[in-house]
S.K.: 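Structure incoming, see below.
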Amino acid sequence: MWSSERLRNVFYQIALLLLIGTLAGYAIHNLVHNLESRAITIGFSYFGQEAGFDISEKLIDYDPTHSYGRAFGVGLLNTLLVSFLAIIAASLIGLAIGIGRLSPNWLLRKLAGGYVESVRNVPLILQLLLWYGVLTELLPPVAEAHRFASIYLSQRGCTLPWPVAHAGWWAALLGLLAALACSLFWARRARRIRDRAGHAPRVLWPSLAACLLLPLAGWAAFGAPSEFSVPLISGFDFEGGKTVSPEFIALFIGLSTYTAAFIAEIVRGGILAVGRGQTDAAEALGLSRSQRLRLVILPQALRVMIPPLTSQYLNLTKNSSLAVAIGYPDLVSISNTTLNQTGQAIEAIALMMGVYLTISLAISGLMNWYNHRVRLVER
Amino acid sequence: MPITKNIARSLAALTLGVTAGTALAGPTLDAINKRGTLVCGVHTGLTGFSAPDRNGKYAGIDVDYCKALAAAILGSPDKVKYVPLTAQQRFTALQSGEIDLLSRNTTWNSKRDTTMGSVFPGVWFFDGQAFVVNSKKNPKVRKLADLNKASVCVETGTTTERNLADYARANKLTFKPVVFEGQEATEKAFQSGRCDAYTTDSSGIAAMLVNLPSRADYTVLPEIISKEPLGPMLRRNDQEFFAIMRWMIFALQQAEESGVTQANVLQMKAESKDPTIQRLTGASGEVGKGLGLDADWAVRAIQAVGNYGESYDRNIKPLGLTRGMNALWNKGGLMYPMPLD
């Protein structure tokens, strides 16, 4: 039996796992003993206690009478929101800059190169402080806010009119999601038709029409609400409307522009990795420059780009924890307050680590799945 | 499989790291004597309490307390290693044994005294949470109720955040807290106009204003919304060091009450017939012995930093704060040194 290599390997794995488990168990036991002997409270029971502090930005209902657990949820959602939006923005900016670096236009190429070199080589925390400083120092106080129609820019951030909650708006949102799903489905179908019949039905225009008409239909069917909450200056702040805080804006801009510089290099590398012959062949087929890029180069470059892109997305999410320096109530900021009020540092830090680990594993799982889908199928 | 292995590994690393830090033994006093220095956790920079002075040396009333202890225990006020800590880091630094004591304007409350492995030997400075506004930008704000719906800058890791929410709830007001890490970031955001008000202990506000060229533009609101008895902290279950820390506070306050100063302490020891002064200076009685120190412990402390009043006048008076609650009990304040026997 010992001669079976497979069995032996399994045995080694189990032995290693047991060893690690024992070490971890010993460490935890030691920790609990030490903390108890020092009369330091341990455990997660604080999660249900009243938090007692307020949070200025929240996606779910929260006030100081809610629990630490709920406060943690508020922080987590804030982290996810800013990371999600910044990932999208960073990808788009990165793509544009990356292509720009390979442009035949001298000025564009140099500008894109300058962007990458300057942004990439300055620490992110400084950039965040810079953006935050620019926003809070240069923007006027509320009373003298810059006004564009009903949109205000002030030291309190960007305040804009916001629809008053109504079934019609939700129906419109659902309509938009349905339209996006239909468009995706139609695009795939169109590809199949093209493969079979040789020519594809139109995709862009029907999709755009669906994205416009379906939300409109949903909005109209549920009473066509037209009520907006319009911001008005009242005392210290705006009454009504929706305010996007300068902390959020600074963090969003900082994270997306910083990560975009790295993504641009990944895009450039990906494109350069596609053989020159591909461009030549596409040119020979009479494809225009934009068609060449869209249909031939980028799809192939994508395969090379995805693994390094994944780590940039992970970096961005983890970098969002710098938010605390500029006062955005993210996961770390809320956990810090909790840690200080309860004194339970180990639990709070372990929980934060667990959450970032989970987010990172989720992102990399998703990207691995995508990578698997688009990788070269060798026959 | 690789994923679970990774999790297990990082967990083990985490807990091992933690235990390594906390696995120290023996009472604090032994460790200090063996090391030859006192390791004191202080504020990173709060004028009057603990901030580098012109010569780059830490100075302030919290620093004086460290110096007095070092003089009493080790014989010299210079045998102190200062560890500057943010509000955020302070308790972990104490719990893990990185510092011998924390002397960093820390509010004494029940949680910190019971569930965090730490205790307070006494109060070194009575404070309360106040608000400051820029009266140039907000000329109409005269009292706290005028700040309804205002944005308020707060530093994380302090009792301030919770007091703010408590006060708002009790008085049916709304504040929008903007929370920063570190006092400088918080103050900067307030000065830039991001917040309508800044809230912290009134001594902290005074310390900020004294360094501001435009201090005339700012108004401190009359309300004090909390009790902030600030004091030093040590680890639990260390009666020996606890007694030294507690009686250092009383000794320096008793010195003020009895008129013993930095200048006259030696003369007082030699000449005074007052039994209290004799016990304080070690001319009679065994106060020092009871603490595990020699008879001259308090004399060295007073020589190093003066009595409580002298330290206050040197550090806090320049901020423009009157003695108030911090005056001695027989001068209308709350400072009441327990009798030496």
Side-chain angles (χ1 to χ4, degrees), chain A residues 13 16-17 20-21 23-24 26-28 30-31 34-35 37-41 51-56 63-65 129 132-133 135-137 139-141 143 155-156 234-237 239 245-247 324-327 329 333 336-337 339-346 349-350 353-354 357 361, chain B residues 1 3-16 18-19 22-23 87-88 91-92 95 111-112 114-118 137-138 147-151 153 156-159 161-162 164-166 168-169 174-182 185-186 188-189 192-194 196 235-237:
Chain A
Q13 301 254 344
L16 184 66
L17 203 66
I20 292 169
L23 272 177
Y26 171 73
I28 290 170
N30 202 1
L31 172 78
N34 276 340
L35 290 182
S37 69
R38 268 147 215 269
I40 299 174
T41 308
F53 63 94
D54 206 356
I55 304 172
S56 53
D63 67 56
T65 58
L129 291 174
Y132 190 58
L135 283 172
T136 48
E137 300 278 353
L139 286 175
Q155 283 176 325
R156 295 293 174 279
S234 125
F236 295 104
D237 220 329
E239 200 75 64
S245 72
E247 290 81 31
V324 68
I326 53 168
S333 166
N336 278 350
T337 301
L339 183 162
N340 269 289
Q341 288 190 4
T342 60
Q344 296 189 281
I346 292 163
I349 303 268
M353 288 170 66
L357 187 68
L361 288 178
Chain B
M1 176 70 182
I3 288 175
T4 43
K5 220 161 44 182
N6 279 340
I7 293 175
R9 254 189 218 146
S10 39
L11 264 181
L14 165 70
T15 42
L16 275 177
V18 168
T19 45
T22 51
Q88 180 68 259
F91 301 123
T92 323
Q95 287 169 345
K111 185 165 255 154
R112 292 170 179 177
T114 56
T115 68
M116 285 164 53
S118 51
K137 287 178 189 156
N138 293 310
L147 273 181
N148 195 18
K149 296 189 179 162
S151 300
C153 281
T156 188
T158 57
T159 44
E161 254 181 290
R162 196 171 182 142
L164 179 69
D166 283 354
R169 248 201 287 171
T174 319
F175 298 124
K176 292 173 194 151
V178 190
V179 183
F180 296 86
E181 187 174 275
T186 320
K188 221 181 122 254
S192 80
R194 170 61 185 95
D196 305 298
R235 278 183 293 281
R236 227 179 162 145
N237 301 329

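So you know, we letter chains A, B, ... as the sequences are listed, proteins then strands, and number each from 1.
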S.K.: Let me know if Leu164(B) has heavy atoms under 4.5 Å from chain A in its side chain, its backbone, both or neither.
M.R.: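 No part of it gets close to chain A.
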S.K.: Given that the side chain runs from C-beta out, which part of Glu247(A) has a heavy atom under 4.5 Å from chain B: side chain, backbone, both or neither?
M.R.: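 For Glu247(A), the contact with chain B is made by the side chain alone.
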S.K.: How far does CZ of Arg162(B) sit from OG1 of Thr337(A), to the nearest 0.5 angstrom?
M.R.: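 Going from the CZ atom of Arg162(B) to the OG1 atom of Thr337(A) covers 11.0 Å.
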S.K.: Mind ranking Thr65(A), Asp63(A), Asn336(A), Asp237(A) by heavy-atom pairs under 4.5 Å with chain B and telling me who comes out on top?
M.R.: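 Of the candidates given, the most pairs with chain B belong to Asn336(A).
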S.K.: Gly354(A), Ser37(A), Gly52(A), Pro329(A): which one forms the most heavy-atom pairs within less than 4.5 Å of chain B?
M.R.: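 The candidate making the most pairs under 4.5 Å is Gly52(A).
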S.K.: If you count heavy-atom pairs within less than 4.5 Å of chain A, which of Thr92(B), Leu147(B), Thr159(B), Asn148(B) leads?
M.R.: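 That would be Leu147(B).
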S.K.: Return the CG to CZ distance between Asp54(A) and Phe175(B), rounded to the nearest 0.5 Å.
M.R.: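 With rounding to 0.5 Å, CG (Asp54(A)) is 10.5 Å from CZ (Phe175(B)).
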S.K.: If you count heavy-atom pairs under 4.5 Å with chain B, which of Ala325(A), Gly327(A), Ala51(A), Gly133(A) comes out on top?
M.R.: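 Ranked by heavy-atom pairs under 4.5 Å with chain B, first place is Gly327(A).
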S.K.: Is a donor on one side and an acceptor on the other found under 3.5 Å between the side chain of Gln95(B) and the backbone of Met116(B)?
M.R.: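 Yes, the answer is positive, given that a donor and an acceptor are paired below the 3.5 Å cut-off.
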S.K.: Ser118(B), Pro177(B), Ala165(B): which one forms the most heavy-atom pairs within less than 4.5 Å of chain A?
M.R.: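 Top count of heavy-atom pairs under 4.5 Å with chain A: Pro177(B).
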S.K.: Given a strict heavy-atom distance threshold of 4.5 Å, which part of Pro64(A) is in contact with chain B: side chain, backbone, both, or neither?
M.R.: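 Both backbone and side chain.
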S.K.: Output yes when a side-chain donor or acceptor of Arg156(A) lies under 3.5 Å from a complementary backbone atom of Ser245(A), and no otherwise.
M.R.: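 Flag not set: sc Arg156(A) to bb Ser245(A) has no pair under 3.5 Å.
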S.K.: Salt bridge or not for Lys149(B) and Asp196(B), using N-O below 4.0 Å?
M.R.: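 Between Asp196(B) and Lys149(B) there is no salt bridge, as every charged N stays at least 4.0 Å from the carboxylate O atoms.
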S.K.: Are the side chain of Thr41(A) and the backbone of Thr115(B) linked by a donor-acceptor contact shorter than 3.5 Å?
M.R.: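 Side chain of Thr41(A) to backbone of Thr115(B): a pair is present.
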S.K.: With rounding to the nearest 0.5 angstrom, report the CD1 to OG1 distance, Ile326(A) to Thr136(A).
M.R.: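 Rounded to the nearest 0.5 Å, the CD1-OG1 separation comes to 9.5 Å.
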S.K.: Select one option (side chain, backbone, both, neither) describing which atoms of Arg194(B) are under 4.5 Å from chain A's heavy atoms.
M.R.: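 Interface part for Arg194(B): both.
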S.K.: For Ala168(B), is it the side chain, the backbone, both or neither that has a heavy atom under 4.5 Å from a heavy atom of chain A?
M.R.: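 It is neither, since no heavy atom gets under 4.5 Å.
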